[in-house]
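Everything quoted here is computed from the prediction, not taken from an experiment. In this chain, residues are counted from 1 in sequence order.
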Amino acid sequence: MTRSRPALELKGRMLPITRVRVLESDPAGVRPQLAEMVRQMPQAVKGMSVVIDSDVDTDLAALLAALREVGIQPLAVSEGPLAEAARAAGLPVVSRDSGKSSAAPPPAPAPAPPPRPVAPQPVAAQRKPARVVAEPIRSGQQIYADGCDLIVLNTVSPGAEVIADGCIHIYGKLAGRALAGVKGDESARVFCRKLDAELIAIAGIYAVAEQIKAGPKDAPAMAYLDDGRLKIEAHKI
């Protein structure tokens, strides 16, 4: 029988993947921390795709079960002490340095004539426009910007939650929760004019109120990731 169409198709799309780094060998502390993450940012945790990275040996089966119970999807394990257990569990083992290639570069092609200059396209034509919310975000409300940045022209009250796949800009006081880059975009940032947040998270890495208080309280601030660590510092918007 001859097929009229192919059975498989390959597409070069990059999927958002978060790295989960194991810091302790004792798995007993995993479940309480995951439960707290689910309570603080359920939208970001459920369905999150992760690669497990560890320099310590631990019970991989228990770790996988705890992650899957809260809706996190382990895709692979990095090379290291958990590699053998990962293969036994049927999970791929990936290189921590997978971005580099050992293959020799191809020979340089003959120089082509310079292309004609092309007028730059406006940013709005290159990506989905930001979602803009003018009214205050009140306690109990949740605002989500799907596939774009979120701009809030007013305040985010305690008990309110603003979520975006991209960056979050708040031109009032941030007193609730702000979760940016929830599909794994580690370049996302959170900006606010007055910082008094209950929680800030970027690509699943978060800080709660007790940690945020060490930053610029009631002042303009920016939160971003630096080498996998969440930093919050003064920044005018």
Side-chain angles (χ1 to χ4, degrees), residues 16-24 29-55 63 66-67 70-72 133 137-145 149-152 154-237:
I17 298 175
T18 300
R19 183 180 69 168
V20 170
R21 181 159 190 154
V22 181
L23 302 176
E24 296 183 7
V30 170
R31 290 181 188 274
Q33 185 170 349
L34 286 174
E36 179 65 14
M37 289 174 64
V38 172
R39 186 185 72 82
Q40 296 279 8
M41 47 182 185
Q43 185 82 13
V45 172
K46 188 171 179 60
M48 181 187 293
S49 300
V50 302
V51 171
I52 299 171
D53 187 12
S54 179
D55 290 323
L63 176 61
L67 293 171
V70 299
I72 295 177
V133 180
I137 313 300
R138 305 192 184 281
S139 179
Q141 284 187 287
Q142 183 187 80
I143 302 295
Y144 174 43
D149 293 350
L150 175 63
I151 299 175
V152 180
N154 217 304
T155 60
V156 178
S157 301
E161 192 170 65
V162 288
I163 304 168
D165 292 343
C167 298
I168 297 176
H169 306 257
I170 301 169
Y171 288 89
K173 185 173 183 177
L174 170 58
R177 303 173 183 176
L179 295 79
V182 294
K183 290 185 179 177
D185 182 2
E186 296 186 359
S187 68
R189 299 191 175 208
V190 174
F191 304 88
C192 66
R193 185 153 287 169
K194 282 190 175 183
L195 176 65
D196 190 20
E198 296 172 332
L199 177 143
I200 292 179
I202 297 177
I205 299 175
Y206 69 98
V208 294
E210 290 74 15
Q211 300 165 305
I212 297 170
K213 285 177 181 177
K217 183 176 175 60
D218 283 330
M222 173 182 67
Y224 63 99
L225 292 183
D226 182 14
D227 194 23
R229 295 179 180 273
L230 183 64
K231 290 192 173 182
I232 302 173
E233 58 188 38
H235 182 85
K236 290 186 178 182
I237 62 172

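For D55, the side-chain hydrogen bond (donor to acceptor under 3.5 Å, both in side chains) criterion is met by R21, R96, not counting sequence neighbours. Residues forming a side chain to side chain contact (heavy atoms under 4.5 Å, CB included) with K173 (at least two apart in sequence, or on another chain): T155, K194, D196, D218. Remark: A164 pairs with A145, L150, I168 by the side chain to side chain contact (heavy atoms under 4.5 Å, CB included) rule, at least two apart or across chains. Every residue meeting the side-chain hydrogen bond (donor to acceptor under 3.5 Å, both in side chains) condition with S187, not counting sequence neighbours, appears here in chain and number order: D185. Contacts of E36 classified as salt bridge (Lys or Arg N to Asp or Glu O under 4.0 Å), with partners at least two apart in sequence or in another chain: R39. R31 pairs by the side-chain hydrogen bond (donor to acceptor under 3.5 Å, both in side chains) definition with E69, not counting sequence neighbours. V20 is linked by a side chain to side chain contact (heavy atoms under 4.5 Å, CB included) to V50, counting only residues two or more places apart in sequence or in another chain. In this view, A175 and P158 satisfy the side chain to side chain contact (heavy atoms under 4.5 Å, CB included) rule, not counting sequence neighbours.
Minimum interatomic distance between V152 and V156 (heavy atoms only, all atoms of both residues): CG1-CG2, 4.2 Å. Closest of all the heavy-atom pairs between G166 and A188 is O-CB, 3.5 Å.
Two residues are said to be in side-chain contact when any heavy atoms from C-beta on lie closer than 4.5 Å; V22 and L63 meet this criterion. You'll find the side chain of Y144 stays beyond 4.5 Å of the side chain of V162, heavy atoms only.
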Let me check something: any side-chain donor-acceptor pairs from residues 225-234 under 3.5 Å, sequence neighbours excluded? List them with distances.
residue: D226; atom: OD2; partner: K231; partner atom: NZ; Å: 2.9
residue: E233; atom: OE1; partner: Y224; partner atom: OH; Å: 3.0

Would you tabulate the side-chain donor-acceptor contacts of residues 202-214 under 3.5 Å, counting partners in other chains and residues two or more places apart, or write 'none'?
residue: Q211; atom: OE1; partner: V208; partner atom: N; Å: 2.9

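The CD1 atom of I170 lies 6.0 Å from the SG atom of C192; values are rounded to the nearest 0.5 Å.
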